[in-house]
Peer 1: 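Let me give you the structure first, and then I'll get to my questions.
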Amino acid sequence: MPSKRSTGRKVPHAQRASDPPRRREPAAPAAGSRRDSGPSLPENIALVLQGGGALGAYQAGVYQGLHEAGIAPNWIAGISIGAFNTAIIAGNPPEKRLQALREFWDTISQPSLFPATTLGQEARFADLEADTRAWLDTWEAWRALVEGQRGFYRPRAWLGEDPSGLFGAASAAAQPSWYDTSPMIATLERLVDFDRLNHDGIRVSVGAVNVRTGNLEYFDSTRTRIDARHILASGALPPAFPAVEIDGEFYWDGGLVSNTPLSHVLTASPRRDTLVFQVDLWNARGELPQNLLDVAERQKEIQYSSRTRLITDTQRVFQHYRRLLRELLEEIPGDVRASNPWAQHAAELACDRRYSVIHLIYRDRARIGHFKDYQFGRVAMREHWLSGQGDIARALAHPDWMELPAGESAFVTHDATAP
């Protein structure tokens, strides 16, 4: 049974109950295009994916909705689990992207050591009463902590070759952590064609924090050849996961500084008319916590929500002034603009580009609580994916949102999942 926010499609009998609904793969559109006769889309379409661990299956559901609507982003930017989804999408041909996403989430939603609790019968667990579901979620989170997740991470041996490395005596900066993430390197190299990712026409950006400087840095396929290390670095959340070495520097999860690459996309130069699908996994707004577990959950929501609304509000103001500056420059005689250094500098800052941001936020609490970012159970994964499908379907039901703003406004935001 799908969750309350699903599209309501039935799962075919030949499909495992754990898998998200499948549809016949359509012919692949060109980047930045739409298959039907809907609104004319801008040249630049960006998909921006926030970090959020196990909640990232929601982003896969959103991408499925975009794919089936014939909307093909030509720039994908991600942080943490968003970087993993970015790599899976950009590192596969259009007709294989959904299959690769399914295989990725099918893999990492299984415990590392023993079979999945639900044994492939996830749909049968969708309507459990609240107390039983709470026990199931707690059990799945406990397994994630103790066993790790298949193809993702596994606990370091308590009495390994150098157990003192956990507490400050490690021989390399990458070692101090609770878990070993080397299984994810193999998963990425199996599911991602990095030659395609770097050269297939989709711009890829992933963010990570330089441990030495504390600065957020972006690895961008227009400047850097991205490989599995860059993706793993973007999701290396301490102290659970080790820092990742790249060219002599060590990197942690980009969410330590900013959990969304939205600013990177909106401030890129040269500026272009852009439609942005911003997919967030944490809701900045919430209720007053009633107990300590609620406090832990609400703390994460506030910490990792990334101030997306602040970013869009700030960019709206900036873009207004850029356009205002351009209009004023048109009133200055050409010979003055050509000779006056201040006018030349103003021309560099001025811009008449337009932006439309469609903002999706995963608002389904799904009864998972404060460990929802590391509860990788297959029932929860299925719910997250279906919720993403439902939310993007509601957003695409507003074709006017995909049109660039007209008139005085140069920057608009549409909240696709507002209560």
Side-chain angles (χ1 to χ4, degrees), residues 45-66 73 75-90 101 104-105 108 204-209 216-219 230-237 241 252-267 276-286 297-315 357-366 368 372-376 380-381 384-385 387-389 391-392 395 413-418:
I45 300 177
L47 178 62
V48 180
L49 305 177
Q50 192 187 64
L55 299 173
Y58 174 81
Q59 297 170 343
V62 169
Y63 176 76
Q64 180 171 350
L66 292 174
W75 187 357
I76 309 179
I79 283 179
S80 198
I81 197 64
F84 292 102
N85 284 327
T86 293
I88 299 295
I89 296 168
L101 280 171
F104 175 74
W105 283 98
I108 69 170
V204 171
S205 306
V206 296
V209 173
L216 178 63
E217 299 180 15
Y218 282 97
F219 302 111
H230 301 92
I231 308 303
L232 196 64
S234 184
L237 185 65
F241 299 152
W252 274 334
D253 192 305
L256 293 175
V257 172
S258 175
N259 202 29
T260 178
L262 182 59
S263 290
H264 179 68
V265 170
L266 294 179
T267 59
V276 179
F277 291 92
Q278 164 70 26
V279 189
D280 285 355
L281 303 176
W282 300 95
N283 188 4
R285 299 180 179 179
E297 179 181 11
R298 190 72 193 113
Q299 177 189 358
K300 284 184 178 181
E301 289 176 338
I302 294 172
Q303 180 179 358
Y304 293 120
S305 62
S306 306
R307 316 299 186 272
T308 299
R309 204 171 301 275
L310 175 62
I311 294 172
T312 54
D313 288 346
T314 301
Q315 290 301 320
V357 178
I358 298 178
H359 190 194
L360 298 101
I361 309 172
Y362 187 20
R363 299 182 187 270
D364 276 354
R365 298 175 68 87
I368 293 175
K372 57 189 176 184
D373 54 330
Y374 62 88
Q375 202 281 70
F376 284 87
M381 183 275 287
H384 302 336
W385 190 304
S387 185
Q389 283 184 270
D391 285 351
I392 190 60
T413 303
H414 305 284
D415 191 344
T417 47

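The shown structure was predicted, so the numbers you read here are calculated from the model rather than taken from an experiment. Heavy atoms only: backbone and side chains are in, while hydrogens, waters and symmetry mates are out.
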Peer 1: Would you say V357 and V48 make side-chain contact, with heavy atoms under 4.5 Å?
Peer 2: no
Peer 1: Evaluate D391 against T417 for side-chain hydrogen bond (donor to acceptor under 3.5 Å, both in side chains), listing each step before the verdict.
Peer 2: CA-CA 7 Å; D391 285 351; T417 47; 5.1 Å; no
Peer 1: Test your reading of the model: is there a side-chain donor-acceptor pair from S305 to the backbone of I302, 3.5 Å cut-off?
Peer 2: yes
Peer 1: Locate the shortest heavy-atom distance separating N283 from R298; write the atom from each residue and the value.
Peer 2: O-NH1, 3.4 Å
Peer 1: Out of curiosity, L66 CG to I45 CD1, how far, rounded to the nearest 0.5 Å?
Peer 2: 9.0 Å
Peer 1: Between F241 and W252, what is the shortest heavy-atom contact and its length?
Peer 2: O-NE1, 4.3 Å
Peer 1: Can you check side-chain contact (heavy atoms from CB on, under 4.5 Å) on F84 and L232, steps first, answer last?
Peer 2: CA-CA 8 Å; F84 292 102; L232 196 64; 4.3 Å; yes
Peer 1: To the nearest 0.5 Å, what is the distance between CD on E217 and NE2 on H230?
Peer 2: 10.0 Å
Peer 1: Can you name the closest pair of heavy atoms from V265 and A77 and give their distance?
Peer 2: CG2-CB, 3.9 Å
Peer 1: Taking side-chain contact (heavy atoms from CB on, under 4.5 Å) as the criterion, tell me which of V209, V206, D253 meets it with I79.
Peer 2: D253
Peer 1: Ignoring hydrogens and angles, tell me if any N or O in the side chain of S258 forms a donor-acceptor pair with the backbone of T260 under 3.5 Å.
Peer 2: yes
Peer 1: Decide yes or no for F277 and P73: does some side-chain heavy atom of the first lie under 4.5 Å from some side-chain heavy atom of the second?
Peer 2: no
Peer 1: Out of curiosity, L262 CG to H359 NE2, how far, rounded to the nearest 0.5 Å?
Peer 2: 8.0 Å
Peer 1: What's the shortest heavy-atom distance between W282 and G52, and which atoms?
Peer 2: NE1-CA, 3.4 Å
Peer 1: For Q50, is there any backbone N or O sitting under 3.5 Å from a side-chain donor or acceptor partner on D280?
Peer 2: no
Peer 1: Rounded to the nearest 0.5 Å, how far apart are CD1 of I88 and CD of Q59?
Peer 2: 12.5 Å
Peer 1: Are any non-hydrogen side-chain atoms of Y63 and I392 less than 4.5 angstrom apart?
Peer 2: no
Peer 1: Could you walk me through whether L216 and L256 pass the side-chain contact (heavy atoms from CB on, under 4.5 Å) test, one step at a time?
Peer 2: CA-CA 9 Å; L216 178 63; L256 293 175; over 6 Å; no
Peer 1: Specify the closest pair of heavy atoms between A54 and Q375, including all atoms of both residues, with the distance to one decimal.
Peer 2: CB-O, 3.3 Å
Peer 1: Please say which of L281, L55, L49, D373 ends up in a side-chain contact (heavy atoms from CB on, under 4.5 Å) with I81.
Peer 2: L281
Peer 1: Please check this pair: side chain of W75 against backbone of V276, looking for a donor-acceptor N/O pair closer than 3.5 Å.
Peer 2: no
Peer 1: Going by the side-chain hydrogen bond (donor to acceptor under 3.5 Å, both in side chains) test, name the single residue among Y362, W105, Y58 that passes it with H384.
Peer 2: Y362
Peer 1: Quick one: closest heavy-atom pair of S80 and G51, and the distance?
Peer 2: CB-CA, 3.7 Å
